[in-house]
Number of protein chains: 2
Amino acid sequence: MKYYPGQKHYLVAVDCIIFGFDGEHLKLLLIKRGFEPKKDEWSVMGGFVQPSESLDQAAARILHQLTGLSNVYLEQLQTLGDPDRDPIERTFSVVYFALIDIDKYEKQISSDYNASWVSFNNSPNLIFDHTYMVTLARKSLRYKASLHPILFELLPEKFTMRQLQNLYEDVYDTSFDKRNFSRKVLSTGLLIKQREKDKLSSKRGSFYFKLNKKEYATNFYAFIKLIPKPDDLI
Amino acid sequence: MKYYPGQKHYLVAVDCIIFGFDGEHLKLLLIKRGFEPKKDEWSVMGGFVQPSESLDQAAARILHQLTGLSNVYLEQLQTLGDPDRDPIERTFSVVYFALIDIDKYEKQISSDYNASWVSFNNSPNLIFDHTYMVTLARKSLRYKASLHPILFELLPEKFTMRQLQNLYEDVYDTSFDKRNFSRKVLSTGLLIKQREKDKLSSKRGSFYFKLNKKEYATNFYAFIKLIPKPDDLI
DNA sequence: TCAAAAGTGTTTATTCTACACCCATGG
DNA sequence: CCATGGGTGTAGAATAAACACTTTTGA
């Protein structure tokens, strides 16, 4: 037996929702499409799965193409496959989301793709069902981050408590009491306080923290409740 | 433009992990495969996605074929697509899991498929990566059920507190204090106590409860923490 | 010297946990 | 009348929430 007879074959693509954080706001890396259909319209970065690669490999390849980054936090989200979601021909899209340190990506490559970082308030219209993908990714990010410390993936190696709090506040569109927030975060044992201070954001300066990578690796899948009221997340 | 040139096309299948609960233990509905390859070996129920149907529709169709049930809790889990996962030809599999009331399924149909309910301790070897799918589904069930009241989908219309507790204990492979468990469950407002008692399991009899469907529909996506220590779930 | 952000502690309310006895009934 | 499973309450511990003042320093 060489193949399954009588079955239709389809295209399979991978699309990546790429999140970044600029110290103030959560951002999305979008590209201006360079090919038909919908050339010059905004979309998320994607590509077809090649015969020799797995889905995870395809996602990593696509992410690398746009950002130059490897070994990035990448998680499969969902697969979309409505018969008419792509007007040219039926294409299944396996959606991934990626969390990257916005300072690390290759600006050169991303400008070749006409990519830019946009925030959620003023993001452009996207082709096909890409807006839905983004909504899905945002919900999933909230969900996952309410239980696991994944948001650290968005931060640079050294960051201040204020930046971390900004990140959580922006992801959840809320605000936290800084005393309670800092106490809760520190109680996880995930942070190591540095001697060095960030002097950019205030005269007094604020201490940098680094992620305790060992603790992070060990406790990644343990629930860590940083969000007080995780209702209505999905 | 009629199609995307130069891209390989693939098969896309949907596989359903079907959970049931017999009052004591969580079970899985498996079938003995009726076609090659791997004829007569155990697998989960699946099928290829047809040109006109969406993924959700394909999953519902496949579930209906085996159980006769419609309007069942069905959730997309993940998509597997390693190049060699199917020895015949490259096939992507979108994995769903279903939660059904074990009393409602059509025994006739399921016996046509050589299906049987197995518990996790003595489940047979499965073809391809189906064992992995089941593991994935079990983890996902724990994860989801730690936050949302989905396990009610597995129970008949009327059930006792003991049955509910058995279900949670079996899903999480642990045991709960019955006083704390019952208090916590009742505090959700999801249950309506019936006048009628179940007299099968004890001389005194125990009250039946029904799900408060209105409350359930409204609060489905609110977090409801029934599990005290949801660590190490994934 | 003052504006701006950093840093820190305590009290109260809520939630969680551990734990043991009486009840109702069919055989 | 007794064995079996059903049903219930409380006290102590842990966790979460609310809340405000002092420090530092560059301009």
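Throughout, a chain's letter reflects where its sequence line sits, starting with A, and its residues are numbered from 1.
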#### Entry: Integer-rounded Å distance: dG26(D) P and Asp198(A) CG
13 Å
### Task
Please report, rounded to the nearest Å, how far the P atom of dA18(C) is from the CZ atom of Phe181(B).
16 Å
## Note on the structure
Of the listed dA6(C), dT8(D), dG26(D), the closest approach to the Arg179(B) side chain comes from dT8(D)
### Query
Base, sugar-phosphate alone, or nothing: which one does Arg162(A) contact when heavy atoms must sit under 4.0 Å apart?
sugar-phosphate
### Message
Parallel, tilted or perpendicular: which one describes the rings of Phe159(B) and Phe152(B), with boundaries at 30° and 60°?
### Response
tilted
### Message
Taking the minimum atom-to-atom distance to the side chain of Lys203(A), which one of dT25(D), dA18(C), dG6(D) wins?
### Response
dT25(D)
### Message
Nearest whole Å is fine: how far is dG9(C) P from Lys184(A) NZ?
### Response
19 Å
### Message
Over all strands shown, is Thr160(A) touching base, sugar-phosphate only, or nothing at heavy-atom distances under 4.0 angstrom?
### Response
nothing
### Query
In Å, rounded to the nearest 0.5 Å, how long is the span from CD of Glu153(B) to CG of Leu211(B)?
8.0 Å
### Message
What is the separation between atom NZ on Lys193(B) and atom P on dG6(D), rounded to the nearest whole Å?
### Response
13 Å
### Query
Hey, does Ser182(B) reach any base, or is it just sugar-phosphate, or nothing, if we go heavy atoms under 4.0 Å?
nothing
### NZ or CZ of Lys197(B) within 45° of Phe207(B) ring axis and under 6.0 Å
yes
### Query
To the nearest Å, how far apart are Phe207(B) CZ and dG5(D) C1'?
14 Å
### Message
Whole angstroms only, please: what is the CG-P distance between Leu164(B) and dG7(D)?
### Response
13 Å
### Query
How many Å lie between CZ on Phe176(A) and C1' on dA18(D), as a whole number?
15 Å
### Message
For dA16(D), does the base pair up with any side-chain atom of Asn180(A) as donor and acceptor (N or O, under 3.5 Å, distance only)?
### Response
no
### Query
Is a donor-acceptor contact shorter than 3.5 angstrom present between the side chain of Lys178(B) and the base of dG7(D)?
yes
### Message
Tell me the interatomic distance from Leu200(B), atom CG, to dG26(C), atom C1', rounded to whole angstroms.
### Response
14 Å
### Listed partners of Lys199(B) passing salt bridge (charged side-chain N to carboxylate O under 4.0 Å, His left out), at least two apart
none
### Message
Between the base of dT10(D) and the side chain of Arg183(B), is one N or O donor paired with an acceptor at under 3.5 angstrom?
### Response
yes
### Query
Picking from dT8(D), dT23(D), dA4(C), which would you name as closest to the side chain of Arg204(A)?
dT23(D)
### Task
Among Leu164(A), Asp170(A), Val171(A), find the one that has a side chain to side chain contact (heavy atoms under 4.5 Å, CB included) with Tyr168(A).
Leu164(A)
### Message
Under 3.5 Å, is there any donor-acceptor pair linking the side chain of Asp177(A) to the base of dA17(D)?
### Response
no
### Task
Identify whether any heavy atom of Lys197(A) sits under 4.0 Å from a base atom; if not, whether one sits that close to sugar-phosphate; answer base, sugar-phosphate or nothing.
nothing
